Every structure is written in structure tokens, then in C-alpha cells.
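A quick write-up on the structure given underneath.
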Amino acid sequence: MKKITGISMKNIKGQNVVQELTGKDIIIGPNGIGKTTRLQSLGISLLGYVPGKGKKADETFKLSSSSSMEVGLKTNEFSFTREFKKKVSKSRDGSIKESIQQNLNVSPSRGEKKINEKEARILAELGSFPIMMDFSEFLNLSDSKRREFIYNLAGFESEKWTKDKVKEYLENQLLTVELEVNNPEQFELMKNIILDVLNEFPEKYDIVAGLQSMIDWTKTKLSFWNDEKKRATAAVQKLGELKNKLAETDRNLKVNKDELEKLQEELVKAEKQISADTQKKKNIDAKLAKIDQLKKAIENEELQQCSVNTEDIQQKIQNLKMKIKNVDNSEKIKAIKDELIKLEDELKPIIKDKDEVKNKGTELRIQIEANEKSLERVKSIKKCCVLDRRIACGKDFSKFIEYTESQINIWKVQKQVLADTYNELDEKEKSLNKKCKELQENKKALENQEIEANRANNSLTAAINNEEKLLNQAKSFDSLKTEKISNLNAELKKLQNEPVEAIAPIDILQKQIESIRTNIDSLKSKIDEQEKAKITLSNLKSTMIDSKTAEYNYINFKSLDETLGAKGLQGELVKETLEPIQSAIQENLTAMGIKNEFYFTTETAGGKEIFQFGWKDKFGDKRNFDALSTGQQMILLISMLTTFIEKANPTCRILAIDNIENLDTENFKNVIDGLNKISNKLDNIILSGVIAATEVDGFKVWDLNREGEINEQSA
């Protein structure tokens, strides 16, 4: 498992900061200061978009406060940034087009070059489990959408319900012995229906998606066969009325299709010819233009004269070569380096001696000051104890005073000697440092002299090369001119001798094509009308199904719908999906100080399929999620999301919740206590909202308003 330690933001909603994270963080501050921006940056970093706000790059870039935007995350071992940049380009028609380009950088890199390789690396390092949710958006979801949301988060682990197991379940429930004995025809229809509905369960689908696909298909078929029962009789009457029209439609349709096919062949032939002749004309025009171009090029080459004076160039080259100077100060520089080494060797013992003299002087100073204080204390006390003035004492301290004063004078003389010695050593050090500095400056001057000389020589060499190039061009001017004119004449002669292809009159061909297309459009219109009439008749004919067959199909699909729905297989899945996580949600609620019993409801008393959840009040009555207060809803969702994250067990387990100001004081405390108890189930807990707390047990509180004030004062 990995913990996010920081969120970086650049030009996103005016934010340019790195938000550090400890693993349990609360981000507070007034509206508009950047709390939600941090959570959005977390989502953009991991997913490339803000959850619930659209997945396209241009929708995400609406959060940018500049022409580029960058977000990123870091852990102790891994970090990455995701950059969005606006690119402005000009189309061929002159219009300006804007696009948003996205780039990824990962560190440390394992050689990832392409963006999909970097996305895969991020997925491997941090996982892809949804890490945040829009609380207000969830409140607006319907029951079915909430069920879909929770199913997607909770996942479905059971391997029991494979496609083969679903087939076995349907056959046991629907292909009964009673049906086979009493109604063999309906039994055979049901066998085929089961095979057909299983085709709506693709192999790549899990049981939840596959079951929903089968239910949707079954409901569509049930509606169809219900209508077929009603239309069966009317379809027979309608077919009789249009029987003669069907024969006429078939006969005329074939004649018109044959004529259309013939016209289309003529059109293709004419279009091929006009296309070929048009290309031939373009080739001839291009050839004539090339001939004129070659003639002009030959005339221009014949008029060309060499304008370069070779003697002047040679003299210029000679003058430039004379200016080249070789400067080699390596010996002088080496001598200075040797001198510097000697000076450094002289400095080392002086510096060492200085430190020793300084330390001894400090020791003497401390000793003198301590004895002077003791002497002063003894002198100030007469006929009493030096330790306690309340105790009488007639002892004579004159000899002690005399001895101590004598010692102090000796130490002061020694201290002065050390000070003089220190000053002398300091002067020597300064003198040697001055010499070192002068030598360094001399060395730098010699090095600069070499650099300047080399720079000047390089410039002269480049100028000489240019002049020699001109000289070579002048010497070969006449031969190159003759060769170029010869090549141009050869190319001109080749073009003039090429045969000219015959071309048909294009304007006549275009008129023929227009006439053919007019006839084709007219025939297509007729054929379309006839096809519509035929399809209408065919559809009516196909709907004339025996009323008994329609009744059987309706009964079978109704039975299939009930077997797949809330009272059948879907109910089994709901039970297997929700019961295992219900106890885990209850455990998290208890940790947060909530004693109410959690529940899921998937069916009304009348058997209608629903999806609701909530907790029971103190009287045991069920309080649906929508009937809870906003704060209670948040507590319940935190418990649920923590369970889903724990169940999915992603690489990085993140719980991010915005708008925690919806919790009152008591519930806020319960949530914090509960999150502290279940924090081992998560790598990062990030809460944000407009609250007044400055210290929260177990959490790091980031006051963005306070941090802004500090930044302004620092600036």
C-alpha cells in the first residue's frame, strides 16, 4: 500500500502550490480559497479528469488559470505530474483552432516514453479505484443510478454465477416437466428463448452487467410480443388488401433496377475517361511550363559572369593568416599553481596555531572572570560566611585576596601575550591570503589571454575558410557553368521529344455525365418509393404470426422476466452482493459512534424492484438515506465508501470527502473518532470544508486562509 505525501498544483483555478499530506489531513478555509481545488487536483492527477465533470481534456482545462495547467502527486518512492497545454493552430481555411494537449512525467522513470506507458506505470504504482465523489451529485441520483454506483464500487466477487450457471438456473426454473408434458410447443419455444437471452450476456461481462443486459432484452421482447397479440388479426386483413400491390411493386422494381445498373456503368465509364483526360491535360500543361522554365534557366546561365577577383582573395587570405597568433601560457600557469600549493601549505599550520591561541585565550579569559567574581564576593563580605551571610565568621581572607590578585595579574599578562601572538598570526594569514588572491588573479588573466587569443584565431580561421571557398568557386566557375547548361539542354531536349497523348473534348464528356446523373437520380427516387412499399408489405406479412404463437411467446417472456428480476436471479445477486458488505458498513458506523442498524432494501411490499438504503431509528423504523439530515448522510457515505475501498483493496487507498461543514459539532467529533479507529484501512484520509477547528485529534489541519496570510507577510 502507498500513501500520497503531496499534491502539486500549477495554474489550476489560480492555485500554484504543493499541498503536503500526512495521511490524515483536514483542509479548511473560507469559500474560494482552494479546498475543493486540491481534491479536484487529486482526481485529475490519477484519472486525467475531475470525476463527475466530464472526461475530455478541454472540459478539464476549463479549470486552468493560464495557457497551461499542471497537477501531480508524490509518494515516498514515486511521483508524477500531468500537464495540460493549450495549442493554437491555423487551419487550411485560415480559421484558428485550439486544442488541449496532455503530457505525463513520472519519476523515477523506468524508460517509459509513450503517454500510455506512463499511464500504465501510474496505474501500477497507485491503482485506479475511484478516490473521490461529488456529494451533491450523489444526492441527485435516482435509486437505480445509486444502485449502479454502489455496485460499481463494491464489485462482485462471487465466482458462482458464471454464464453456464445462469443457463442452468434458467433451465431449472423455466423448462419444467409439467410444461414439457402439457405444452410441448411452448416448451420448445422456451428452450430457444433461453439460448437467445444468453446471447445477450457477452463473455467479457461480469454477472451484474450480463444480467442487466438480459433483463433489458427480455423487457423489450415482452413488450413486442404483447403488441403482436393485439396486431395478429389486423395484420391478416391488411395483407389481403395489399396483396395485388405487392406483385406490381416487385415487377416494376426489377425493371427499374436493371435500368439503374446500366446507367451507373455508363457513368463510371464516362467519369473514368474524363478523369484520365483531365490528368493528361494537366501533364501537358506542366510539361509546357517546364519547357519554358528550362529555356529561361539556360538563358540566365549563359549570361552569368564570375565576379570574384582571385588575386584579391589570395591576398586577403595571406593577410588573415599573418594575424593568427599562438599564445601558450601553460608554463606560467603551472608555476602559479605550484606557488599557490606552497602558500596553502604555509597557511595550514598558521590557521591551526591561531585556533589553539584563540582557545587558550578564551580559557584564560573565563578563568580571570571567574576569579575576579570570587575575589569581589570575598571583599564585599566581612565577619560572615562567604556561603551564607547570616552565619557569623571571623576568618581572615587577606592572604587569599593577595594570592588571587597576584594570579589574576599573571593570567592577564599571559592573556596579553596570547593576544599579541594571535594578532601576529592573523597578519601572517592575511598576508598569505593576499598573495594567494594576487596569484589567482594572475592565473585568471593568463587563462583569459589564452581564451581571447584562441577566440580571435577561431574567428580568423573561419574567415580564411570562407575566402578559400570563394576562391575555389571562382576557379571552377567556367567548368560548372558549362556543365549546368549542358544538363539543362539535355533535360529540355528530352521533354521536347516526348510524344503528346490525344485528349477527348472534356466539355462534351461533362455534359454527358450530367445527363446520366439526372436519369440516375430520377430512377433512384422511383426505386426508393418502391422499396419502401415492398418493405412495408414485407413487414406486414412478417407480423402475421399465428395468435397462438404470439400468446406462447408473451407468456414465456413474462416468465423469463420474472425469473431474471428482483424475485429471481437478480434478487439472488443482490443478496450475495450486499449482505457481505452490510456488516462491514455497520462496523464502520459503530466506530463513528452511530448505533443505528444499517439496511439495504431492494423490493417493495408489492414486489416492485427498488434500491434504497439507510438506517433504523431508535424506534426500529427504517429511515431512508434521503430522509436523513445532510450530516447523517455524509457519515453514512463515509462508512460505505471506506467499506468499498477496503473491499476493492487498491494499491493506494484514498478517502476524499468535501463539504464536511455539513457535520454538526457532535457528528464531526464522532466522524473524527471513527476515522481514527478505522484509519488502518486507508492510506490517505482527506477531508475539506469551511470549519473553525484548528486542532483535530489524530489529523493534521491545513488552514489555507492562515497559510495565505503567512505567504503575504513573507512576500
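Just so we're clear, the structure is a prediction, and the values are computed from it rather than from any experiment.
Here Glu438 does not pair with Lys435 in a salt bridge; the nearest charged N to carboxylate O distance is not below 4.0 Å. For Asp338 and Lys334, the salt-bridge test passes: some basic side-chain N is under 4.0 Å from an acidic carboxylate O. A salt bridge links Glu447 with Lys443: at least one charged nitrogen is closer than 4.0 Å to a carboxylate oxygen. Salt bridge annotation for Lys681-Glu587: present, with a cationic side-chain nitrogen under 4.0 angstrom from a carboxylate oxygen. One finds no salt bridge joining Glu70 and Arg82 here, because no Lys/Arg side-chain nitrogen approaches an Asp/Glu carboxylate oxygen to under 4.0 Å. Between Lys412 and Glu372, at least one side-chain nitrogen of the basic residue sits less than 4.0 Å from a carboxylate oxygen of the acidic one, meeting the salt-bridge criterion. The residues Lys337 and Glu339 are annotated as not salt-bridged, no charged nitrogen and carboxylate oxygen being separated by less than 4.0 angstrom. A salt bridge is absent between Lys2 and Asp683: the closest approach of a Lys/Arg side-chain nitrogen to an acidic carboxylate oxygen does not fall below 4.0 angstrom. Using a 4.0 Å cut-off between charged nitrogen and carboxylate oxygen, Lys55 and Glu59 do not count as a salt-bridge pair.
Counting heavy atoms from C-beta outward, Glu661 and Phe668 have side chains that stay 4.5 Å or more apart. Here the side chains of Lys118 and Phe80 are not in contact, with every heavy-atom distance at 4.5 Å or above. Looking only at side-chain heavy atoms (C-beta outward), Ile7 and Val71 stay at 4.5 Å or farther from each other.
Counting non-hydrogen atoms of neighbouring residues, nucleotides and ligands closer than 6.0 angstrom, the NZ atom of Lys10 reaches no more than 12 such neighbours. No more than 12 heavy atoms of other residues, nucleotides or ligands shown are found within 6.0 angstrom of NZ on Lys360.
Asp25 and Thr22 share a donor-acceptor pair across their side chains, judged by distance under 3.5 Å alone. Side chains of Thr404 and Asn371: a donor-acceptor N/O pair is absent below 3.5 angstrom, by distance only. Between the side chains of Asn676 and Lys24, at least one donor N or O sits under 3.5 Å from an acceptor N or O. Judged by distance alone, the side chains of Glu452 and Asn448 never bring a donor and an acceptor atom under 3.5 Å apart. With hydrogens and angles left out, the side-chain atoms of Gln101 and Lys86 include no donor and acceptor closer than 3.5 Å.
Smallest separation of non-hydrogen atoms from Gln19 and Leu704: OE1-CD2, 3.8 Å. What you find for Leu589 and Ser639 is that their closest heavy atoms are CD2-OG, 3.3 Å. Shown here for Leu446 and Ile336, the closest heavy-atom pair between the two residues is CD1-CD1, 3.7 Å. Shown here for Leu628 and Arg623, the closest heavy-atom pair between the two residues is CD2-CB, 4.0 Å. Shortest non-hydrogen contact noted between Leu425 and Ile350 is O-CG2, 3.5 Å. In this structure, Leu340 and Cys436 approach most closely via the heavy-atom pair CD2-O, 3.6 Å.
With ring centers used as reference points, Phe625 lies under 6.0 Å from Phe613.
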Asn588 vs Thr642, side chain to side chain donor-acceptor pair (under 3.5 Å): CA-CA, chis, key distance, verdict: CA-CA 8 Å; Asn588 290 336; Thr642 303; 4.9 Å; no
Go through the steps to decide whether Asn409 and Ser406 satisfy the test side chain to side chain donor-acceptor pair (under 3.5 Å), and finish with yes or no. CA-CA 5 Å; Asn409 290 331; Ser406 172; over 6 Å; no
Given Ser688 and Asp658, is the side chain to side chain donor-acceptor pair (under 3.5 Å) satisfied, shown in steps? CA-CA 5 Å; Ser688 73; Asp658 199 2; 2.5 Å; yes
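Of the possible polar contacts, one joining the Glu112 side chain to the Arg110 backbone as a donor-acceptor pair under 3.5 Å is found. Side-chain N or O atoms of Glu117 include one that pairs as donor or acceptor with a backbone N or O of Lys114 at under 3.5 Å.
For the atom pair Trp702 CH2 and Glu20 CD, the distance stands at 4.5 Å (nearest 0.5 Å).
Of the candidates Thr665, Asp673, Asn667, Lys669 forms a side-chain hydrogen bond (donor to acceptor under 3.5 Å, both in side chains) with just one, namely Asp673.
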